[in-house]
Colleague: 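Dropping a structure here in structure tokens format, bear with me for questions.
Each chain gets a letter, A, B and so on, in the order the sequences are listed, and its residues count up from 1.
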Amino acid sequence: MSSIRIHNLSKVYADGTHAVKGIDLTIRDGEFIVLVGPSGCGKSTLLRMIAGLETITTGDLYIGEQRVNQLEPAQRDIAMVFQNYALYPHMTVYQNMAYGLKNRGWQKSAIEERVRKTAQMLEIEHHLTRKPKALSGGQRQRVAMGRALVREPAAFLLDEPLSNLDAKLRVQMRVEIKQLQRRLQTTSLYVTHDQLEAMTLGDRLVVLNQGQIEQVGAPLEVYQRPETLFVASFIGSPNMNLIPVQAINHPLNQAALATLPQQTDILGVRPDKLLLQPPTTPHIQFECSMTLFEPAGAESHLYMRLCSDEHNLVMRVESMSELFQQPSFTVYAEIQHLHPFNQSSGKRTDS
Amino acid sequence: MQTKQLTFNHRWLPYLLLAPQVIITAIFFLWPAAQAMYQSLLRQDAFGFRTTFVGLDNFTALFADDLYLNALKVTLVFSLGTTLLSMSIALLFAVMVNRMLRSRDLYTTFLVWPYAIAPAIAGVLWWFIFNPSIGILPYLLEMLGINWNHRANGNHAMILVIIAAAWKQISYNFLFFLAGLQSIPQSLIEAAAIDGASRLKRFWTIVFPLLSPITFFLLVVNIVYAMFDTFGVIHATTEGGPAQATNILVYKVYRDGFVSMNLGSSAAQSVILMAIVVVLTVIQFRYIERKVNY
């Protein structure tokens with residue numbers, strides 16, 4: 001177990017692609033960090049650089065107190081879980097898990113003991129003599145975890161480990177991974193493009209975009225106070241509504257808009273913070289018309305359009321209302337729930 | 001899986017479409033094979049006036065013949081040597097080319113070229129290179145104190161034909177090994193690297209086992225090639241000599257039948273060769289049907 005320190009880390013590929021652009025990050029001992037971002041944002045490259053599978057172009061990487069830039073993957077004392085599991089198809093589950101220990105010159109009895117212990121923890125002890133092909137997706141996932149756990153490394157690196165599972169299994173494994181990490185207290189770095197996975201798993205989120213860090217923080221902190229337009233639109237489902245100020249700049253809103261920081265030209269508001277009744281606190285309001293009603297069980301999503309400039313919005317509602325049948329209806333949002341942004345800088349204006 | 005069923009309206013169309021392949025197989029394989037089997041039971045006198053039915057005498061005579069047993073031994077050494085040499089060099093090349101990024105296609109193209117050369121031409125090429133009086137290799141070997149002469153030395157002759165036969169086959173093997181290497185997911189190699197396996201260990205414990213279906217397939221194909229398809233190489237270089245040292249079974253069939261005009265014995269030898277091919281083919285199909293157990 002140890003901390004990981006990343007200092008000004010960059011990756012430039014031979015073809016000139018600048019995949020990772022100067023990242024600074026400190027991961028505390030035992031912390032569960034989730035790297036989240038859209039595909040191509042450099043999150044996997046960053047993980048692979050930490051694993052030693054990609055060379056580091058510039059910057060420093062420390063695992064514990066040691067600078068590991070030049071070390072081989074095997075010497076970094078990390079374990080990795082791959083998206084496609086990367087189980088050795090010609091070996092049994094036992095051999096898969098024992099391979100890393102064998103290469104490190106462990107005694108046969110010690111290997112046996114450790115593999116059995118780990119298999120028991122993951123409830124795969126009945127499959128030890130089987131080959132990966134004979135296992136289901138979820139079982140393979142467990143074996144891949146087992147192969148990483150068995151060595152008790154300083155850090156786990158997980159590269160979208162759940163993306164090959166079906167939705168139901170994914171939720172189940174997500175819970176198990178979190179419980180496992182809590183129990184073992186091993187520093188973990190988890191890469192995903194799924195913002196829900198990121199929110200539920202991590203102690204802290206690192207939101208990446210185009211090779212740079214957009215925001216680092218606890219999941220709820222990031223959700224409740226996105227620092228940039230990108231984070232605002234990326235985290236949360238359905239997406240945050242981003243309304244241009246000029247679209248709602250009419251006399252009724254003048255007083256409320258005047259309280260916003262200068263340079264604010266985009267207002268973000270979560271779908272669940274839009275109201276159909278006027279609140280008593282200061283608020284803004286705008287006319288909308290319905291485009292689509294989407295029932296999703298416990299809640300429903302109402303897709304609508306701003307009457308003033310055809311801007312699309314989404315709102316969370318309890319149920320279908322008579323109101324929506326009318327050509328237009330009024331929607332309200334409290335000032336305290338607005339996220340003010342500046343379009344050109346992409347940053348929050350109230351920080 | 002449901003396949004699309006085509007229906008022919010014309011009754012004779014399917015037969016017509018199959019006809020070319022069936023006719024070629026019949027004329028160039030079934031008929032000669034039947035002829036050989038029939039002839040292997042006959043004996044002709046020296047001038048071809050009389051043909052007598054002798055039963056299995058030709059076969060019993062063969063297995064009592066030192067020259068034939070020698071040809072069996074020579075064939076074994078030759079085909080194993082050719083197979084091992086061509087496969088190991090091809091695997092080495094494939095591993096090296098697979099590690100390249102930009103120049104991979106260029107190397108692949110060049111390495112495949114020898115396959116387009118006719119066996120006899122390949123034989124002549126090596127005959128020149130190894131020629132004791134004008135060849136470049138004997139000249140270089142002499143500097144090392146080796147007196148190369150494949151016309152007198154049976155071992156030299158064997159080395160020559162093995163190299164000449166293997167050289168052509170490297171291209172073929174290389175292509176299969178390269179395709180096999182490329183089908184191994186990169187993440188497996190990376191996982192092994194993280195698991196602390198050295199480059200060499202990764203190759204022998206991960207890559208090589210995963211190549212085993214291809215290795216086995218090539219093993220059979222190469223043995224068949226070395227045993228049956230190398231007539232041109234032998235004919236162009238050593239003609240089975242010196243003193244029977246490179247007289248492999250296929251070449252002996254030709255020598256006994258068309259040079260010595262001993263048709264009965266020659267036919268019996270080709271029947272034995274046919275049996276060997278059948279056995280090898282059965283092994284291969286059985287194995288490939290079973291696939292490999294992962």
Colleague: How far apart are the C-alpha atoms of A/Glu197 and A/Arg174, what are their side-chain angles, what is the distance that settles it, and do they pass the salt bridge (Lys or Arg N to Asp or Glu O under 4.0 Å) test?
Modeller: CA-CA 7 Å; A/Glu197 239 171 57; A/Arg174 197 172 74 201; 5.7 Å; no
Colleague: Have A/Asn84 and A/Asn164 got a donor and an acceptor in their side chains that come within less than 3.5 Å?
Modeller: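 Per modelled atom types, A/Asn84 and A/Asn164 side chains form no pair under 3.5 Å.
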Colleague: For chain B, which of A/Gln83, A/Arg147, A/Glu72, A/Gln75 has the most heavy-atom pairs under 4.5 Å?
Modeller: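 Option with the greatest count: A/Arg147.
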Colleague: For A/Ser136 and A/Gln139, test the side chains for any donor-to-acceptor distance below 3.5 angstrom and give the result as yes or no.
Modeller: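 Distance-only check passes for A/Ser136 and A/Gln139.
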Colleague: For chain B, which of A/Ala74, A/Ala14, A/Gly52 has the most heavy-atom pairs under 4.5 Å?
Modeller: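 Heavy-atom pairs under 4.5 Å are most numerous for A/Ala74.
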Colleague: Any chance you could lay out the salt bridge (Lys or Arg N to Asp or Glu O under 4.0 Å) test for A/Glu125 and A/Arg116, step after step, and finish with the verdict?
Modeller: CA-CA 7 Å; A/Glu125 70 264 41; A/Arg116 298 231 171 261; over 6 Å; no
Colleague: Heavy-atom distances under 4.5 Å only: say whether A/Arg151 touches chain B with side chain, backbone, both or neither.
Modeller: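 Answer is side chain: those atoms of A/Arg151 sit under 4.5 Å from chain B.
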Colleague: Got a sec: does the CD of B/Gln182 have more than 12 other heavy atoms crowding it under 6.0 Å?
Modeller: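 Enclosed.
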Colleague: Taking only residues two or more places apart in sequence or in another chain, which ones pass side-chain hydrogen bond (donor to acceptor under 3.5 Å, both in side chains) with A/Gln95?
Modeller: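 For A/Gln95 the side-chain hydrogen bond (donor to acceptor under 3.5 Å, both in side chains) partners, ignoring immediate neighbours, are A/Thr92.
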Colleague: Between A/Tyr190 and A/Phe32, how do the two ring planes meet: parallel, tilted or perpendicular, split at 30° and 60°?
Modeller: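 Correct class here is tilted.
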Colleague: Indicate yes or no: at least one non-hydrogen side-chain atom of A/Val93 is less than 4.5 angstrom from one of A/Thr129.
Modeller: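 No. Closest side-chain heavy atoms not under 4.5 Å.
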Colleague: Write out, in numerical order, the residues from residues 191-207 of chain B with a heavy atom short of 4.5 Å from a heavy atom in chain A.
Modeller: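 Listed by number: B/Ala191, B/Ala192, B/Ala193, B/Ile194, B/Asp195, B/Gly196, B/Ala197, B/Lys201, B/Arg202, B/Thr205, B/Ile206.
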Colleague: Could you look at A/Ile78 and say if it's the side chain, the backbone, both or neither that has a heavy atom under 4.5 Å from chain B?
Modeller: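 A/Ile78 touches chain B through backbone and side-chain heavy atoms alike.
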Colleague: Name the orientation class of the two ring planes belonging to B/Phe176 and B/Tyr172 (parallel below 30°, tilted from 30 to 60°, perpendicular beyond 60°).
Modeller: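 Taking B/Tyr172 first and then B/Phe176, their aromatic rings sit tilted (interplane angle of 30° to 60°).
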Colleague: Would you say that more than 12 heavy atoms from the other residues, nucleotides or ligands in this model lie under 6.0 Å from the CD of A/Gln210, or not?
Modeller: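 Open: at most 12 neighbouring heavy atoms sit under 6.0 Å from CD of A/Gln210.
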Colleague: Contact part of A/Phe82 toward chain B, heavy-atom cut-off under 4.5 Å: side chain, backbone, both or neither?
Modeller: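 Side chain only.
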Colleague: Quick check on the interface: out of A/Arg104, A/Met80, A/Arg76, who has the most heavy-atom pairs with chain B under 4.5 Å?
Modeller: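 Most heavy-atom pairs under 4.5 Å with chain B: A/Arg104.
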Colleague: Heavy-atom distances under 4.5 Å only: say whether A/Ala79 touches chain B with side chain, backbone, both or neither.
Modeller: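 Backbone of A/Ala79 only, per the 4.5 Å heavy-atom cut-off to chain B.
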Colleague: For chain B, find which of A/Ala86, A/Pro73, A/Ala51 contributes the most heavy-atom pairs closer than 4.5 angstrom.
Modeller: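 Among A/Ala86, A/Pro73, A/Ala51, the one with the most close pairs to chain B is A/Ala86.
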